[in-house]
Amino acid sequence: MYVAAILDASPQADLGGAPLALAPWDADETLIEFEVRQLRDAGARVVIVVLGYEAERIIPLVARDDVEPIVHPDW
């Protein structure tokens, strides 16, 4: 069985001028890094992260072999 996950991180939710996805989370992680790790730990072989607001700041944190960032042009 092949498990994939889609994480929608495209909304313009912000926290003091920064995207919510970049909020500090556990240890040295941001919220988006934590969410991706949780999906991988739950068994997702591939995680697709849909980005919009401030995508250029988030892509470097999530882009890797098993994570595919996709920018939604009309977020």
Side-chain angles (χ1 to χ4, degrees):
M1 178 166 66
Y2 186 85
V3 177
I6 298 173
L7 175 59
D8 182 8
S10 64
Q12 186 180 351
D14 83 42
L15 185 65
L20 185 58
L22 296 179
W25 198 253
D26 189 33
D28 293 326
E29 285 184 313
T30 60
L31 178 57
I32 192 80
E33 291 170 302
F34 170 78
E35 291 172 326
V36 168
R37 183 171 52 81
Q38 291 297 303
L39 291 168
R40 294 288 294 136
D41 289 351
R45 286 180 46 195
V46 173
V47 178
I48 298 168
V49 180
V50 181
L51 301 169
Y53 179 60
E54 298 283 342
E56 66 280 351
R57 292 176 62 189
I58 300 169
I59 289 172
L61 299 175
V62 298
R64 54 185 142 235
D65 290 341
D66 56 355
V67 180
E68 179 68 32
I70 297 174
V71 178
H72 188 293
D74 298 321
W75 57 269

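Every heavy atom of this structure was used, including side-chain atoms; hydrogens, water molecules and symmetry mates were not. As the structure is a computational prediction, the values presented were derived from the model and not from experiment. Position 1 is the first residue of the sequence; numbering continues from there.
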Could you give the distance from [atom1] ([X]) to [atom2] ([Y]), rounded to the nearest 0.5 Å?
{"X": "E35", "Y": "T30", "atom1": "CD", "atom2": "OG1", "result": "8.5 Å"}
{"X": "L7", "Y": "I48", "atom1": "CG", "atom2": "CD1", "result": "10.5 Å"}
{"X": "D8", "Y": "I70", "atom1": "CG", "atom2": "CD1", "result": "11.0 Å"}

Is any side-chain heavy atom of [Y] closer than 4.5 Å to one of [X]?
{"X": "R40", "Y": "V47", "result": "yes"}
{"X": "L20", "Y": "L31", "result": "yes"}
{"X": "R57", "Y": "L22", "result": "yes"}

I'd like to know if [Y] and [X] are part of one continuous hydrophobic network [Ile/Leu/Val/Met/Phe/Trp/Tyr, side-chain heavy atoms within less than 4.5 Å].
{"X": "W25", "Y": "L51", "value": "no"}
{"X": "V46", "Y": "M1", "value": "no"}
{"X": "V49", "Y": "V71", "value": "yes"}

Looking at V62, I58, I32, V50, which hits side-chain contact (heavy atoms from CB on, under 4.5 Å) with P69?
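Of the listed residues V62, I58, I32, V50, the side-chain contact (heavy atoms from CB on, under 4.5 Å) partner of P69 is V62.
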Atom CG of D28: over 12 foreign heavy atoms under 6.0 Å:
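Counting other residues, nucleotides and ligands, CG of D28 stays at 12 neighbours or fewer.
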Do the side chain of R45 and the main chain of D66 share a donor and acceptor less than 3.5 angstrom apart?
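No; judged by distance alone, with no hydrogens or angles, the pair does not exist.
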Shortest non-hydrogen contact from A4 toward A44
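Where A4 meets A44 most closely, the heavy atoms are C-CB, 4.4 Å.
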